[in-house]
Amino acid sequence: MTFASLVTRLGSRRIQAGLAVATVCLLSFLVYSVQQELMRQGIVSGFDFLWRSTGWDISFSLIPYSISDPYWKVLLIGLTNTLFLGFSGLALATLVGVLAGVARTAANPVLNALGTIYVETFRNVPLILQAFFWYAVFTHMPPPRKAIAFADMVFFSSRGLYVPGLNVSDGALALCVLVLVAGIVISLWLRVTRCLKGRGDEYRKLIAFFILLTMGVAVVAIAASGRLEGVPLVTIPELRGLNIKGGFRMTSEFAALLTAMSLYGGAYLGEIIRAGFLAVEPGQIEAAKALGLRPWRIFTLVRLPLAIRAILPTLTNQYVWLIKATTLGVAVGFSDFFLVISTSINQSGQTVELLLLLMGGFLLINYTLGSVMNAINRSIAIKGPSSRK
Amino acid sequence: MSDTTNRDAELNIRPPRQSGLEQFRAAYFGSIPNTLITLGGLLAFIYIGWSLLHWAFLDAIFSVEGGAQACQAAEGACWSVIFARWRLMFFGLYPYEEHWRSALACIIVIGVGVLSCMPAFWSARKLAAMWGGGLLAFIVLMRGGVFGLSLITEEQWGGLSLTIFIFASVALIGMPMAIAFALMRRSAFPFISVPIGLVIDTVRSLPLITILFTVAVVVPVVVPSWLLGDKLYRVIGGMALFFAAYQAEIIRSGIQSLPVGQEEASKALGLSYWQRMTRIILPQAFRRALPPTINQFVITFKETSLIIIVGLFEFLASGNAAYGSGEWAFAYVEVYVFIGLVYFIFVFSLSRYGAYLERLMRVGKL
């Protein structure tokens, strides 16, 4: 008797019920054996360990940290590091991707070929290999005394990459970033939302401009008020003695991951953006030409909005993927969320709780990013019964 | 674009045919910005090409005789490190005298892979037989212990053959899992469809590294030792789960793109659930889901490089070891370029194959 006919005879409903019972049995057995094993090793379960001090140091943090700080703080630092790396990576990758996408849709064959070579090279090599490569490159840079300098402002050295930074307290810096992100999101939302549609385009433009202006003033004010005592607001790195002083120091780990993420992500985003531009029907552009619009107006008024509609759903997937790729920090020793969690597991033994926190953290990041992108997508999608999903 | 606008009174007049030279001029030197882009791009091309040529060939050192010292004096690439260490990179910790076994096993699996890319071999029975036989031959050759071959345990496997073995096993275990997941998610029975949907979505929202880390490092801590397999097989299991979660969604979208009438008609003919699935729905769904499936294979192949994190000695790890020793420590660029090139060959040919299949489908020959 063949398997298929056996299944048919028993009826698929009964099979499914049996499967469900088997799953429940298997799961409860697993939970039971895990509990037994943990008890055998004398590990107390629960989240009390979060308030114990860690006793180990981490290599990169935006918030001041000492080894006597509790576990919850180290996890928070891991999460902020992941977000910091993730969003800088997304921004840079988007920039690179737009350049590559535009190059590949350009009419000029030379530009086209350059774009194609870039995309095919970086897309077909694993990201972790690229991270290793850039990490090796950045750690093999000359020592600070012989650092490679650009315009005496940016220094590449074996201790990391130095760029001009702000002399402000961490709290003020965090507030600045928050205001900046909120301002950009609000003004973007105002441009695309339908709530103010009745008020006319000029009105919305004015409001968006006003919000951007307020935000800029607020950021400068916060930065100035959070300035550290007795030093200028902007610090420029300079060579002093054996080391480089001042400025913002990007560690080699961070710089390597950022480079790898933006080049690899840029290649993928470039393809998504190219596909988006190709999805704009030529008739639309011809119609715009027939109306007598100049090339730049055609781009901003017709091609770009239509392309963005086609791009956004795929872009969301790619963004979520790139945020997940920050976990490669573990390969080069950048203290991202995952590295912090895995060190905590090694040090505290609270395996199950920390794994739950890890899953929770990533679910939170991904769902937030996904729902923000989907909200943007919904607000710009073509409304009406004919809208394509 | 004024030359294509036709102001003649006759409506059916065709635009003047452009000669090759005119087309060339319009494409490369049509306007001033275009000319600047062309010239700038050409300069970039020449600069990059010339530097690469010098670095990779003209100033490069190929001979092993001079050793690492000869390289450090040279301007260009030091390919001697590849010639000196290629065995380590391809075979890892596998015993030196037995490298031929690893190489042969690798060739067998690649051969089976190439054969299964040909539409002539596309039937469930042929594919299953080929892959079953191929993997069996691989394990017998690599592990030994039978037919007079010496026993070499999984801990000593490494290099490119390990990477390929993991990729092939992940695809082979993951594919049936993916089909099962997709069907379960579409099940009318909520006791099945809801939990499996939860599992798929959770796995998809986690980074692969965290799953690998869990199966390789955490599971041994919390699961009694009699339940544990070798680390290699746990990692393969974890990757297969990850692959299956993504592939299940691809298959599900393939199923959903079929007209509902197909299933209704087969129901009306009195076919059972399994007959409907295996004869009507799945074959069509697979055909429709072919391009994203190939894409998923490409991604999975690249992601096998992540297992370096959990301490298996695959191709990338072997590469790190090849330049990690003191003598060749400076030659990291050459080693990474070489590893990148090998990955590029595999991934690029897979994605070209995907594009070829898409073309074939467009003209309806598939």
Side-chain angles (χ1 to χ4, degrees), chain A residues 3-5 7-8 12-13 16-17 19-20 23 30 33-34 36-38 41 106-111 113-114 117 120-121 123-130 132-133 136-137 140 289 320 323-328 330-331 338 341-342 345-346 349 351-352 355 358-359 362-363 365-367 370, chain B residues 1 26-28 30 34 37-42 44-45 48 184 187 189 191-192 195 202 204-210 213-214 217-218 221-224 227 272-275 278 298 301-306 308-309 316 319-320 323 330 332-333 336-337 339-341 343-344 346-348 351:
Chain A
F3 177 69
S5 64
V7 167
T8 320
S12 60
R13 272 287 158 96
Q16 285 170 334
L19 206 63
T23 314
L30 271 179
S33 69
V34 165
Q36 288 293 309
E37 195 70 16
L38 287 178
Q41 294 170 22
N108 190 304
V110 177
L111 198 58
L114 276 176
I117 290 175
E120 292 295 350
T121 313
R123 214 170 49 144
N124 290 322
V125 174
L127 178 56
I128 188 169
L129 174 61
Q130 300 190 29
F132 273 134
F133 174 79
V137 167
H140 282 78
K289 267 183 202 155
V320 169
I323 289 273
K324 289 200 287 176
T326 55
T327 46
L328 280 184
V330 78
F338 174 56
I341 291 262
S342 68
I345 288 179
N346 280 333
T351 315
V352 179
L355 277 184
L358 173 77
M359 286 168 102
F362 271 101
L363 286 179
I365 297 176
N366 290 346
Y367 278 124
Chain B
M1 294 287 163
Y28 289 85
N34 207 1
I37 290 173
T38 305
L39 293 179
L42 276 181
F45 254 125
I48 296 171
M184 281 161 90
S187 161
F189 202 45
F191 207 45
I192 306 257
T202 311
R204 270 157 47 93
S205 69
L206 287 176
L208 176 58
I209 293 188
T210 63
F213 174 77
T214 309
V217 183
V218 178
V221 180
V222 292
V223 168
L227 206 64
S272 75
Y273 176 80
W274 294 100
Q275 284 171 331
T278 54
V298 169
F301 187 76
K302 278 191 288 181
E303 279 174 343
T304 54
S305 56
L306 288 180
I308 186 179
I309 300 289
L316 183 54
N320 274 348
Y323 86 86
F330 63 92
Y332 59 97
V333 173
Y336 283 133
V337 166
I339 301 174
L341 208 63
Y343 270 107
F344 184 89
F346 277 99
V347 173
F348 191 70
S351 65

Derivation and outcome, side chain to side chain contact (heavy atoms under 4.5 Å, CB included), residues B:Ser205 and A:Asn366: CA-CA 7 Å; B:Ser205 69; A:Asn366 290 346; 3.5 Å; yes
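Both the backbone and the side chain of B:Leu206 come within contact range of chain A, with heavy atoms under 4.5 Å apart. Contacts of B:Val298 with chain A are absent, with no heavy-atom separation under 4.5 Å from either backbone or side chain. Proximity to chain B involves both the backbone and the side chain of A:Phe132, based on heavy atoms less than 4.5 angstrom apart. Proximity to chain B is limited to the side chain of A:Thr351, based on heavy atoms less than 4.5 angstrom apart. Using a 4.5 Å cut-off between heavy atoms, B:Tyr332 touches chain A through its side chain atoms alone. In this structure, no portion of B:Gln275 lies under 4.5 Å from any heavy atom of chain A. With a 4.5 angstrom heavy-atom cutoff, B:Ile308 touches chain A only via side-chain atoms. In this structure, chain A has heavy atoms under 4.5 Å from both the backbone and the side chain of B:Thr210. In this structure, the portions of A:Asn108 lying under 4.5 Å from any heavy atom of chain B include both its backbone and its side chain.
Between B:Ile209 and A:Leu328, some side-chain heavy-atom pair lies under the 4.5 Å cut-off.
In terms of non-hydrogen atom pairs under 4.5 Å with chain A, the most contact-rich of B:Phe301, B:Tyr323, B:Phe346, B:Phe45 is B:Phe45. When each of A:Ile128, A:Thr23, A:Val125 is checked for heavy-atom pairs under 4.5 Å with chain B, A:Ile128 comes out on top. Among B:Thr278, B:Asn320, B:Ile48, the residue making the largest number of heavy-atom pairs under 4.5 Å with chain A is B:Asn320.
For the atom pair B:Phe213 CZ and A:Ile345 CD1, the distance stands at 4.5 Å (nearest 0.5 Å). A distance of 5.0 Å separates OG1 of B:Thr214 from CG of A:Leu355, quoted to the nearest 0.5 Å. Note that OG1 of A:Thr327 is 8.5 Å distant from CG of B:Leu208, once rounded to the nearest 0.5 Å.
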